Amino acid sequence: MRLDILSIFPEYFAPLDVSLIGKARERGTLDVRVHQLRDWAHDVHRTVDDTPYGGGPGMVMKPEVWGEAIDSVIGDGAPRMIVPTPSGRPFTQELAQELAAEPWLLFACGRYEGIDSRVMAEYGSRLRVDEVSIGDYVLAGGEVAVLVMVEAVGRLLPGVLGNAQSAVDDSFAPGSMQNLVEGPVYTKPPVWRGHEVPAVLLSGHHGKVARWRRDEALRRTVRNRPELAAALDPETLDKHDRKL
Ligand SMILES: Nc1cc(-c2ccc3ccn(Cc4ccc(CN5CCCC5)cc4)c3c2)n[nH]1
């Protein structure tokens, strides 16, 4: 997978050189290219922003700079364009899986009050353009949101996660974990400061372990994410409810 990232703060993406993503880049699984948006701002101050039409606080990012930058980065290609924004569609595990299947993603990191909307309109006629929110809070720009999405997508790529099974059991993953968060995890020692590991996990009985884990996942979902629990099919809830 090729990832292009356009930003006025390319240094935000140094973390993509470490850990899982760093190794995927070394292996060639991921081809990450970070670009300084100001390289396409030709005035002496390399200006990328201007005052908003209609008034209001802050500044808006100029469409000309973005247009030159995107044209230069994509050429005749057609990557899927992801634009982080507080007003976008929610970023979910399902969307992460969808993006993990794409050969080429282009992330456009806005700053200030955002990017002139005509940029998304211009490329929306030629590319798949998704405006995406990573949560209901306002960041100062798109860079952190891109780091979140690249990590969530990158770990789903073949060979990136040590154990592919882990992604199958991810919270929220479509299938058996849809609308469920994961339960508690334990490792050695079997007793730590008087806290014992639940005996079922030491039993070696895989069926009972699987059952216990689903019960715990359900218990935690009901406690921490009642709105997800409400979306569970009654049969699932009922099967476990007797135990909650
Ligand atoms: N999930 C999530 C994503 C983001 C995010 C992503 C990209 C950018 C680029 C700039 N900003 C700051 C920022 C500040 C104020 C407004 C709201 N203004 C009200 C009137 C016009 C706009 C919007 C945007 C971003 C924020 N935040 N949270």
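When a ligand or atom number is given, it counts from 1 through the structure's own listing order. Keep in mind it's a predicted model, so treat the numbers as computed, not measured.
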L105: which of L99, D4, V146 passes side-chain contact (heavy atoms from CB on, under 4.5 Å): L99
Side-chain donor or acceptor of S19 paired with backbone N/O of I21 under 3.5 Å: no
Of R219, R213, R211, the residue whose pairing with D215 passes salt bridge (charged side-chain N to carboxylate O under 4.0 Å, His left out): R211
Neighbouring protein residues of ligand 1 - any heavy atom closer than 4.0 Å: P84, T85, P86, G110, R111, Y112, E113, G114, S133, I134, G135, Y137, V138, L139, A140, G141, G142
Reference residue V83; test side-chain contact (heavy atoms from CB on, under 4.5 Å); the match among V132, V119, L106, I115: I115
Expected output: side-chain T221 to main-chain V181 donor-acceptor under 3.5 Å: yes
R214/E216 under salt bridge (charged side-chain N to carboxylate O under 4.0 Å, His left out): CA gap, chis, key distance, verdict: CA-CA 5 Å; R214 277 194 68 76; E216 286 303 309; over 6 Å; no
